[in-house]
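Reckoned from all heavy atoms, side chains included, excluding hydrogens, waters and symmetry mates.
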Amino acid sequence: KKPSGSAKHQRAYRKTVTKNHTIMNELVTRPLNRVQAEEIGDHCLPSTISSLKTLYGLEFPRRRINVPNRFGGETSVMEYSTSDDDKLKINKILGAMNG
């Protein structure tokens, strides 16, 4: 039987699942900001955080931090973390995603 949806739609879905998996995996081990997320392939961390909150009911405590920029100054960005309870939830989600 043919899978439903176009090939383009299926590729987009796989990318989203992989991106969510990558970001959740990082957040279990350390806080994450948009500069760090960019380095691992997420070009819009706030949107990903919002999606994860909606999809899985996770909370992401946040705080504003300053990071060095390429001009020798500092830029203010949001840093996202997870509670111990949400780390347990994330590990269960990741376990289910990995089969």
Side-chain angles (χ1 to χ4, degrees):
K1 182 178 178 181
K2 261 184 146 177
S4 61
S6 69
K8 183 178 179 181
H9 182 269
Q10 290 173 6
R11 280 191 307 274
Y13 176 76
R14 279 195 307 270
K15 282 183 181 179
T16 300
V17 169
T18 303
K19 179 176 74 166
N20 287 346
H21 180 274
T22 300
I23 295 302
M24 286 190 291
N25 213 19
E26 286 293 318
L27 284 166
V28 167
T29 61
R30 66 179 174 140
L32 196 59
N33 66 56
R34 70 184 315 140
V35 175
Q36 295 164 322
E38 181 78 30
E39 293 168 0
I40 58 174
D42 188 333
H43 304 291
C44 195
L45 182 61
S47 293
T48 303
I49 293 293
S50 178
S51 292
L52 293 173
K53 183 176 180 176
T54 301
L55 285 170
Y56 302 111
L58 301 168
E59 294 296 324
F60 297 97
R62 53 196 80 191
R63 68 183 181 121
R64 192 149 295 279
I65 62 168
N66 291 324
V67 296
N69 63 34
R70 64 182 176 175
F71 304 110
E74 290 188 332
T75 300
S76 178
V77 297
M78 196 63 71
E79 179 182 73
Y80 301 91
S81 61
T82 54
S83 67
D84 289 338
D85 286 343
D86 277 353
K87 286 178 185 178
L88 293 173
K89 279 187 193 176
I90 289 169
N91 283 326
K92 286 180 184 178
I93 294 164
L94 293 176
M97 289 172 106
N98 291 328

Test item: Val77 and Glu79 side chains (from C-beta on) under 4.5 Å apart, heavy atoms = no
Asn91 vs Val28 side-chain heavy atoms within contact, under 4.5 Å | yes
Closest approach of Phe60 and Lys53, non-hydrogen atoms and distance?
-> CE1-N, 4.0 Å
Are the side chain of Asn20 and the backbone of Ile23 linked by a donor-acceptor contact shorter than 3.5 Å?
-> no
Going by heavy atoms in the side chains, are Met78 and Ile49 under 4.5 Å from each other?
-> no
Check against salt bridge (Lys or Arg N to Asp or Glu O under 4.0 Å), Arg34 and Glu38 | CA-CA 6 Å; Arg34 70 184 315 140; Glu38 181 78 30; over 6 Å; no
Sequence neighbours excluded - salt bridge (Lys or Arg N to Asp or Glu O under 4.0 Å) pairs with any residue from residues 81-91 = Asp86-Lys89
Report whether Leu55 and Leu45 are members of the same hydrophobic cluster (ILVMFWY, side-chain heavy atoms less than 4.5 Å apart, transitive linking).
-> yes
Are Tyr80 and Ile40 grouped together when hydrophobic residues (ILVMFWY) are joined by side-chain heavy atoms under 4.5 angstrom apart?
-> yes
Output the distance between atom OG1 (Thr48) and atom NZ (Lys19), rounded to the nearest 0.5 Å.
-> 3.5 Å
In short, Val67 meets Ile65 closest at the heavy-atom pair CG1-CD1, 4.0 Å
Where do Gln36 and Pro31 come nearest, in terms of heavy atoms and distance?
-> OE1-O, 3.6 Å
Under a single-linkage definition using a 4.5 Å side-chain heavy-atom cutoff for Ile, Leu, Val, Met, Phe, Trp and Tyr, are Leu94 and Leu52 assigned to the same hydrophobic cluster?
-> yes
Answer yes or no: is there a donor N or O on one side and an acceptor on the other, between the side chain of Thr82 and the main chain of Leu27, under 3.5 Å?
-> yes
Could you tell me the separation between the OG atom of Ser51 and the CG atom of Leu58, rounded to the nearest 0.5 Å?
-> 11.5 Å
For the pair Thr54 (side chain) and Ser50 (backbone), establish whether a donor and an acceptor sit closer than 3.5 Å, ignoring hydrogens and angles.
-> yes
